[in-house]
Number of protein chains: 2
Amino acid sequence: MRQITGEAGVNLAAVNYHFGSKESLMQEVFRRRLDWLNDERMRVLNALETEAAGKPLKPSLIVDGFFGTLLRMADDDERGGVTFLRLLGRTLTDPSEFIRTFLAHEYASVVDRYKEALFKALPDVPKAEIVWRFHFMLGATSYAIAGTDALRLVTDWQIEDADSTDRLDRLVPRLMSFLLGGLRAPLPQFPDEVTKQ
Amino acid sequence: MRQITGEAGVNLAAVNYHFGSKESLMQEVFRRRLDWLNDERMRVLNALETEAAGKPLKPSLIVDGFFGTLLRMADDDERGGVTFLRLLGRTLTDPSEFIRTFLAHEYASVVDRYKEALFKALPDVPKAEIVWRFHFMLGATSYAIAGTDALRLVTDWQIEDADSTDRLDRLVPRLMSFLLGGLRAPLPQFPDEVTKQ
DNA sequence: CTATGATTAAAACGAACGTATGAATCACGC
DNA sequence: GCGTGATTCATACGTTCGTTTTAATCATAG
């Protein structure tokens, strides 16, 4: 709080006066960004489904609508840019109880719509499997967003290191093809099912 | 500290007496687990490479050696079980500076060996792409480990909810096929390269 | 038994945190 | 210009945190 109000050039008590508490401030920060993001996601999916006129969508379009829309926020300083994406990435993995509940509520309907679209797009894949892979995709994405610096230490990163805007241009297609590859991977063999076949 | 020493039934000052500081205690916790994990990973990779006698390894074996070995720690209460995996998952995404540096140091050589094995196994995939996909795989795995409860709120999880040991039996193959699918996905098209072709 | 070094125990320190308080300042309709 | 409600300010409260201190207890060699 002292750091935030300090950099904002206002008094420490301002947050509690205007927002009530630290948690309320955080909720407002997330709401400001996530409302836009989820509206945009809904808009994209609606457009896709209208155009498809009842036919299943291509998985790549669905994945791009959900994760691509998120990643492209990084380019938009008006929407928080990379800073917000990093905050979100961290929050998705290290969730304090209250903010996790809030995120769940904020996200639920959008995630449900996209899940349904994926069910329809991949009728041969069991629904449970799709939900799991959605989970994995979220993880890969959160990590890619939040941990840009984290991995640079683990591996000695002999990778091109242009300015960050350039890196984002390349991160999105890279992550997209990874996510799609994972989403459409052959179904797993469970140990207890091997004998059944 | 008070919670830890409390549950251990010892005095608060015990940690500072025996370990020096909270950070040193954490380092020791991670070292105890990661030394074993990374030794095991090295052992597995060495065995694979010996058996292959210079020929490239199957990517699935490499991925299983790195991520499968990690996940199977969850079954081994002697090695920390799910508790340690959750701690590690959280730490990989929310890294305080000092512990991230420590993890990087602890991991570097193992990650390098596995990266080299992947380079050799996938000669047609640019090295930079493999490093990125390694990153993505780490993210999906960390999230799968740490966020078992987190996603259950986001999606209304109409998934079988057996006891956790059963869920682990199924999580490993599920995650493995996702990771492999992502690792071997078609290469991405970068916007600025489209015109070149 | 006693001396000595290691360990444990109780208590407090100083810093950081979110929040609350009361006075000072501001904006603005009358 | 004055009064009133909203806002800003300095300040302090009460906790929690990691650490430190000092005394008590323990183990053990002589």
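As a basis for the values below, the full set of heavy atoms in this structure was taken, side chains included, without hydrogen atoms, waters or symmetry mates. Throughout, a chain's letter reflects where its sequence line sits, starting with A, and its residues are numbered from 1. None of the values given here were measured: they were computed from a predicted structure.
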How would you list, by chain and number, every residue that makes a salt bridge (charged side-chain N to carboxylate O under 4.0 Å, His left out) with B:R32, sequence neighbours excluded?
none
Can you name the residues that form a side chain to side chain contact (heavy atoms under 4.5 Å, CB included) with B:T69, not counting sequence neighbours?
B:L37, B:E40, B:R41, B:V44, B:R72
For residues 37-62 of chain B, which residue pairs pass the ring-ring contact (aromatic ring centres under 6.0 Å, His included) check, not counting sequence neighbours?
none
NZ/NE/NH1/NH2 to OD/OE distance under 4.0 Å, B:R31 and B:E28:
yes
B:L25 has an atom CG; how far is it from atom C1' of D:dT19, in whole Å?
14 Å
CZ of A:R2 versus P of C:dC17: gap in Å, rounded?
7 Å
Side-chain atoms of A:N16 come closest, of C:dT19, D:dG18, C:dG18, to C:dT19
Test of understanding: with side chain to side chain contact (heavy atoms under 4.5 Å, CB included), list the residues that count as partners of A:R33, not counting sequence neighbours.
A:M73, A:F84
By side chain to side chain contact (heavy atoms under 4.5 Å, CB included) - contacts of B:M176 (at least two apart)
B:V63, B:D64, B:F67, B:L71, B:V172
Value in whole Å for how far the P atom of C:dA16 lies from NZ of A:K22:
15 Å
Integer-rounded Å distance: D:dT8 P and A:L12 CG:
13 Å
Whole angstroms only, please: what is the CE-P distance between A:M26 and C:dG18?
10 Å
Rounded to whole angstrom units, what separation is found between the CZ atom of A:F19 and the P atom of C:dA20?
16 Å
Distance check needed: C:dG18 C1' versus A:Q3 CD, whole Å only.
15 Å
Protein-nucleotides 6-9 of chain C N/O pairs closer than 3.5 Å?
| from | atom 1 | to | atom 2 | distance (Å) |
| --- | --- | --- | --- | --- |
| C:dT7 | OP2 | B:Y17 | OH | 3.1 |
| C:dT8 | OP2 | B:H18 | NE2 | 2.5 |
| C:dA9 | OP2 | B:N11 | N | 3.2 |

